[in-house]
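In what follows, residues are counted from 1 in the order of the sequence shown.
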Amino acid sequence: MSNGFPIFTGENGLVGYDSEELIDLFLESTADGICMVDMEDRYIRVNQMYTKIFGYTEEDIIGKRLYEFLNPDIVVDTIEAVKRGKSFHNIVTQRYHKNGTELDVAVSYSPFRNSLGEIIAIIAIYRDITNSLNTERELKRTKELYQLITDNTSDLILVFSKDQKIVYVSPSFQKVFGLIPEDQIGRSILDFVKKDGVKAFQRKLKRLLESEEPLLFQHKMRSTTGELVYAEYNITPIFNENNEIESYVSVGRNITERIKNDEAIRNLDRLSIIGQLAAGVAHEIRNPLTSLKGFSKLLRSSGDRATQEYYLSIITDELDRIDLIVNEFMSLAKPQAIQFEEVNLLSIIESTVKILHPQALLHNVQIMNNFHAKDIILLCSPHQLKQVFVNFLKNAIEAMPGGGIVNINVKKLSDNRVQINFKDEGIGIDTELMHFLGTPFYTTKDKGIGLGLTVSNKIIQEHNGTMKIESQKGQGTTVCVELEHI
């Protein structure tokens, strides 16, 4: 062997190169392992990368036959085909390192010819692809594991892109909604949102895009069989390698049974409120009824046209008063479908105060509205919020057996939030009892059922709001509610 490229001597003749140094430089600088094997299958040349890949030195290899090494995938037919002039490229196979470790390699075989075009050796080029194949295998195993999980989980998993196109739907959607997953790919996520809820959903996505924080919300949809299904979803952004939001994954679960149970508890609380308000409503109706009876008798005995008109106007006013009281009471008593709509918060509060007005009169309580803004529009269920506010005001009235003032303060905060404070001058709550507030069926009242604050807190949470209670014994109580406004 010369200092440069090897010189081959044999029956095929002598071949030499003037560019030995250039060829040596190429062999030692390439990232692939290269070896040359003569026509008798003996190693005659290897580069440094070949020895690095397989762990053998040149002394270990040169002059040895190809089959003397641990090589589980030597294909005699392939070697013989190369000797006949055929080439093979990127054959993925396994070889062994000197220490016995199995390697994944990509091999290319080519015939090496002399100046006469005669094949005098075989060149094999090896690339170690063990790490990349291991990564592919791991990714495949991970994908299979995730596929196994998503195919068998009861959770509703859905992935959609930034342009709101669905790219994946778990099989659980077919079990819950009767929707075939493959048929949903490419559809817009907005196809599953009611028309009147599209704007609200887009606002939620915009907030998610800005905050990059997971979003929790509830959604109801009818299955293909017509059954109404309630689901709770957690939408989380998926980031690419540039830390940019690329898509979203939504994980939901069927909460229909929970919603039905919650609704039963709310109805129980609502019926309790109605029973406790009934006495006040009856008292408030009795006063205008007395006036009606009196002026009806006067109307019969009077022959003066102007006097009759005056009496009729009083009777009409008293009837309108009864009608208002009964309508407000019935709006609370009548079961209402849960439906979010755009409503002015101030109108909800004013309507609630009208319901509680008879109760307040009975207890010598004044309810004062302090609104620091005119139009505060909420996307909400007005009947549910009315039930919440009735609970707060009723508690405030009952906390002042000797009478007093309940102040309702409303003010806008930053970030589209509004704060509503209900402050009374009542007896307050012991510090050691504060942590029990909101516990189902816990109550300090003789006739209470202990569901008011539990239901109220749940409703406020469903409106993406918060509730906080501050109280000290003998210094009154303040209930602070924060909600989102449009």
Side-chain angles (χ1 to χ4, degrees), residues 143 145-208 214-238 247-270 334-343 379-385 387 455 458-464:
K143 184 178 179 180
L145 177 60
Y146 285 151
Q147 191 69 41
L148 182 66
I149 293 172
T150 54
D151 286 351
N152 293 278
T153 183
S154 60
D155 286 343
L156 303 164
I157 302 175
L158 184 146
V159 180
F160 60 96
S161 59
K162 279 185 69 174
D163 60 357
Q164 300 173 2
K165 297 295 183 184
I166 296 173
V167 297
Y168 174 79
V169 176
S170 64
S172 50
F173 273 83
Q174 187 164 4
K175 298 175 185 176
V176 177
F177 296 105
L179 299 172
I180 299 174
E182 293 78 11
D183 294 345
Q184 316 313 314
I185 306 303
R187 294 182 63 184
S188 171
I189 192 71
L190 299 179
D191 291 347
F192 301 94
V193 181
K194 286 186 176 182
K195 289 184 179 180
D196 56 358
V198 169
K199 289 184 179 179
F201 183 77
Q202 289 179 325
R203 281 196 297 268
K204 290 178 184 291
L205 284 184
K206 182 180 178 183
R207 189 167 66 250
L208 175 62
L215 174 66
L216 181 68
F217 75 103
Q218 289 185 8
H219 178 61
K220 62 181 178 180
M221 190 174 80
R222 291 197 178 276
S223 67
T224 54
T225 60
E227 179 186 2
L228 188 62
V229 179
Y230 291 86
E232 186 175 71
Y233 296 92
N234 192 315
I235 300 181
T236 305
I238 300 175
S247 54
Y248 302 91
V249 59
S250 168
V251 180
R253 60 183 52 192
N254 187 349
I255 58 168
T256 304
E257 289 302 317
R258 194 181 84 189
I259 291 294
K260 289 179 180 178
N261 292 336
D262 288 346
E263 189 61 28
I265 291 176
R266 289 176 191 176
N267 285 335
L268 181 60
D269 177 63
R270 182 168 49 82
K334 182 181 179 182
Q336 302 287 344
I338 301 175
Q339 185 172 355
F340 280 56
E341 54 188 280
E342 294 183 6
V343 184
L379 183 66
C380 66
S381 170
H383 299 290
Q384 285 194 337
L385 285 186
Q387 180 176 344
V455 172
K458 178 66 177 175
I459 292 174
I460 290 170
Q461 287 177 358
E462 290 172 354
H463 285 74
N464 295 320

Do you know the tightest heavy-atom contact between [X] and [Y]?
{"X": "Phe340", "Y": "Leu379", "result": "CD2-O, 3.5 Å"}
{"X": "Ser247", "Y": "Ser161", "result": "CB-CA, 4.0 Å"}
{"X": "Glu341", "Y": "Pro382", "result": "CG-CD, 3.8 Å"}

Would you compute the distance between atom [atom1] of [X] and atom [atom2] of [Y] and round it to the nearest 0.5 angstrom?
{"X": "Ile460", "Y": "Cys380", "atom1": "CD1", "atom2": "SG", "answer": "12.0 Å"}
{"X": "Tyr230", "Y": "Ile255", "atom1": "OH", "atom2": "CD1", "answer": "9.5 Å"}
{"X": "Gln184", "Y": "Phe173", "atom1": "CD", "atom2": "CZ", "answer": "8.5 Å"}
{"X": "Lys220", "Y": "Leu228", "atom1": "NZ", "atom2": "CG", "answer": "6.0 Å"}

With heavy-atom distances below 4.5 Å as the criterion, would you say the side chains of Phe160 and Ile235 are in contact?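 Yes, close enough: below the 4.5 Å cut-off.
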Does a side-chain heavy-atom distance below 4.5 Å link Val229 with Met221?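 No, every pair of side-chain atoms sits at 4.5 Å or beyond.
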Which residues pass the side-chain hydrogen bond (donor to acceptor under 3.5 Å, both in side chains) test with [X], not counting sequence neighbours?
{"X": "Asn254", "value": "Thr256"}
{"X": "Ser172", "value": "Ser170"}
{"X": "Thr225", "value": "Ser223"}

Could you note down all residue pairs passing salt bridge (Lys or Arg N to Asp or Glu O under 4.0 Å) where [range] supplies at least one of them, sequence neighbours left out?
{"range": "residues 168-193", "answer": "Arg187-Asp191"}
{"range": "residues 153-168", "answer": "Asp155-Arg253"}
{"range": "residues 221-234", "answer": "Glu232-Arg258"}

Single hit among Leu156, Leu158, Leu179 for side-chain contact (heavy atoms from CB on, under 4.5 Å) with Val169: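 Testing Val169 for a side-chain contact (heavy atoms from CB on, under 4.5 Å) against Leu156, Leu158, Leu179 leaves exactly one candidate, Leu158.
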Would you please name every residue forming a side chain to side chain contact (heavy atoms under 4.5 Å, CB included) with Val167, sequence neighbours left out?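 Counting only residues at least two positions away or on another chain, Val167 forms a side chain to side chain contact (heavy atoms under 4.5 Å, CB included) with Val159.
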Under the rule for side chain to side chain contact (heavy atoms under 4.5 Å, CB included), what residues qualify as partners of Pro237, not counting sequence neighbours?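 Side chain to side chain contact (heavy atoms under 4.5 Å, CB included) list for Pro237, sorted by chain: Leu208, Phe239, Ile245, Tyr248.
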